[in-house]
Each structure stands twice: as C-alpha cells, then as structure tokens.
Engineer: 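Please find one structure pasted underneath; my questions will follow.
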Amino acid sequence: MRTQRQVVDYSLQKRAVLRELLAGRIGTYDVCDASPYLKNAAHFHGEPTDHRCPICRSENLIHVHYIYGDELKQSAGQARTRAELPVLAMTLREFQVFVVEVCPGCDWNHLVEQFLLGRDGLAGEAADATGVAVADGSTPRRRREAQR
Ligand SMILES: [Zn+2]
C-alpha cells in the first residue's frame with residue numbers, strides 16, 4: 001500500500017515460537033488459542049492466504065487487519081478487510097495496522113506485522129516529486145518522535 005511505513009516484521013518471533021513448540025518447551029495448547037472474537041474477525045473480515053498453517057498443515061492461514069489510532073475514534077481496535085485499508089489511508093492522516101494470522105482449523109494465531117498508514121505518508125512523496133513540500137513533510141515526523 002502506497003502510504004505504508006514504519007513496518008515491523010514479526011516473522012523472527014514466529015519462528016522462535018515454532019522452535020519452542022518443536023522442542024516441546026511449549027504445547028500447541030499454548031499457541032492455538034485464538035479467541036472467539038479473533039475467529040469471528042477472521043471469518044467476516046479476514047484475507048485468505050496461500051500459506052498452510054505451520055501447526056496442523058490442513059488449513060490455509062487467514063490474515064486479520066486490526067486498526068488503531070486516535071482519528072478512528074470508536075472504530076479503533078476493529079478489524080477491517082484489506083480492501084478497506086487504502087480508502088482509510090486516504091481519509092485519515094495516520095493510523096496503525098496490526099496483521100494477525102489465524103488458522104480456522106486449529107486456532108493457531110500469531111502477529112505477522114504492524115505498520116502505519118495514512119495521508120501523512122504522502123508528505124515525503126510530494127517533497128520528492130516537487131521539491132517544495134519539505135517543511136510539511138518534516139512536521140509529522142517530528143511529532144511522532146516527540147511521542148516516543
Ligand atoms: Zn492450523
């Protein structure tokens with residue numbers, strides 16, 4: 001997606017969990033614990049993938065996109081279909097997306113990645129294209145750093 005930025009990839013953490021599982025240090029019961037809410041979100045808003053579940057290997061994983069941010073107000077924390085995200089990204093300045101993979105068969109679930117979307121991501125792009133929007137582009141970045 002065009003305004004996607006500050007991507008955090010959780011595949012290393014996922015591999016670590018799978019290693020723990022293989023080694024028998026944790027059980028499938030510990031990792032196949034998708035809540036009814038998450039399973040509902042996967043059913044109604046999920047994005048099917050071609051990836052087999054690493055635990056049961058009988059179902060394909062579903063990606064659920066959760067959105068967070070002050071601008072979302074009461075919608076914060078809700079699941080959205082992937083198709084809805086680019087529309088939101090053009091409407092809002094900035095919001096956080098968490099992608100969770102879920103197996104509809106065995107309830108395995110794990111965070112895949114998180115990233116920011118929103119119009120603020122276009123500021124840098126505009127600066128590159130025209131060379132005049134540099135001052136605008138630096139403002140949201142400074143604001144984010146101040147929040148940390
Ligand atoms: Zn599974």
Engineer: Give the C-alpha distance, both sets of side-chain angles, the deciding distance and a yes or no for side-chain contact (heavy atoms from CB on, under 4.5 Å) between Val112 and Val100.
Structural biologist: CA-CA 5 Å; Val112 177; Val100 179; 6.0 Å; no
Engineer: When rounded to the nearest 0.5 angstrom, what distance separates CG in Asp120 from CZ in Arg93?
Structural biologist: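 Interatomic distance, Asp120 CG to Arg93 CZ, rounded to 0.5 Å: 4.0 Å.
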Engineer: Using distance only, find each side-chain donor-acceptor pair of residues 54-66 under 3.5 Å and give its atom names and separation, not counting sequence neighbours.
Structural biologist:
| residue | atom | partner | partner atom | Å |
| --- | --- | --- | --- | --- |
| Asn60 | OD1 | Arg52 | NE | 3.3 |
| Asn60 | ND2 | Thr49 | O | 3.3 |

Engineer: Once you round to the nearest 0.5 Å, how far does NZ of Lys73 lie from CD of Glu71?
Structural biologist: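 Interatomic distance, Lys73 NZ to Glu71 CD, rounded to 0.5 Å: 7.5 Å.
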Engineer: If only side-chain N and O atoms count, and only distance matters, is there a donor-acceptor pair under 3.5 Å linking Gln78 with Arg80?
Structural biologist: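 On atom types as modelled, these side chains qualify, holding a pair under 3.5 Å.
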Engineer: Which atom names give the shortest non-hydrogen contact between Lys39 and Ala34, and what distance separates them?
Structural biologist: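 Minimum heavy-atom separation between Lys39 and Ala34: CE-O, 3.7 Å.
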Engineer: Please report the interatomic distance CZ(Arg2) to CG(Leu122), rounded to the nearest 0.5 Å.
Structural biologist: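 The CG atom of Leu122 is 5.0 Å from CZ of Arg2, to the nearest 0.5 Å.
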Engineer: What distance separates Trp108 CH2 from Glu101 CD, expressed to the nearest 0.5 Å?
Structural biologist: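 With rounding to 0.5 Å, CH2 (Trp108) is 6.0 Å from CD (Glu101).
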Engineer: Looking only at heavy atoms, which two atoms of Tyr10 and Glu113 are closest? And how far apart?
Structural biologist: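 Heavy atoms only, the tightest pair is CD1-CA, 3.7 Å.
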Engineer: Walk me through it: do Arg19 and Lys14 pass the test side-chain contact (heavy atoms from CB on, under 4.5 Å)?
Structural biologist: CA-CA 9 Å; Arg19 263 200 310 273; Lys14 176 181 161 182; over 6 Å; no
Engineer: For residues 84-91, tabulate all N or O donor-acceptor pairs below 3.5 Å that involve a side-chain atom, not counting sequence neighbours.
Structural biologist:
| residue | atom | partner | partner atom | Å |
| --- | --- | --- | --- | --- |
| Glu84 | OE1 | Thr81 | N | 2.9 |
| Glu84 | OE1 | Thr81 | OG1 | 3.0 |
| Thr91 | OG1 | Val87 | O | 2.7 |

Engineer: Using modelled atom types only, decide if a donor and an acceptor are shared between the side chain of Asp107 and the backbone of Gly105 within a distance under 3.5 Å.
Structural biologist: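 Answer holds: no.
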Engineer: Are Phe95 and Tyr68, when compared by the centres of their aromatic rings, separated by less than 6.0 Å?
Structural biologist: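 So the answer is no for these two rings.
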Engineer: Could you go step by step and tell me if Leu111 and Val99 meet the side-chain contact (heavy atoms from CB on, under 4.5 Å) rule?
Structural biologist: CA-CA 6 Å; Leu111 189 57; Val99 185; 5.9 Å; no
Engineer: Please determine whether a side-chain nitrogen of the Lys or Arg among Glu47 and Arg82 lies less than 4.0 Å from a carboxylate oxygen of the Asp or Glu.
Structural biologist: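 Salt bridge absent between Glu47 and Arg82.
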Engineer: Show, in sequence, the C-alpha distance, side-chain angles and deciding distance for Leu72 and Leu92, and conclude whether the side-chain contact (heavy atoms from CB on, under 4.5 Å) test is met.
Structural biologist: CA-CA 8 Å; Leu72 292 163; Leu92 302 170; 3.4 Å; yes
Engineer: Say you draw a straight line from CD of Gln6 to CD of Gln114; how long is it, rounded to the nearest 0.5 Å?
Structural biologist: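 Nearest 0.5 Å value for the CD-CD distance: 9.0 Å.
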Engineer: How many angstroms lie between atom CG of Leu22 and atom CZ of Arg15, to the nearest 0.5 angstrom?
Structural biologist: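 Reported to 0.5 Å precision, the distance equals 13.5 Å.
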Engineer: I'd like to know if Val7 and Ile67 are part of one continuous hydrophobic network [Ile/Leu/Val/Met/Phe/Trp/Tyr, side-chain heavy atoms within less than 4.5 Å].
Structural biologist: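 As far as the 4.5 Å side-chain criterion goes, Val7 and Ile67 are connected within one cluster.
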Engineer: Taking the side chain as C-beta and beyond, is there a heavy-atom pair between Cys53 and Cys106 under 4.5 Å?
Structural biologist: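 Answer yes - side chains close enough.
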Engineer: Is it the case that the side chain of Arg119 and the backbone of Thr3 share a donor-acceptor pair, with hydrogens and angles ignored and the cut-off at 3.5 Å?
Structural biologist: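 Side chain of Arg119 to backbone of Thr3, a donor-acceptor pair under 3.5 Å: no, none is there.
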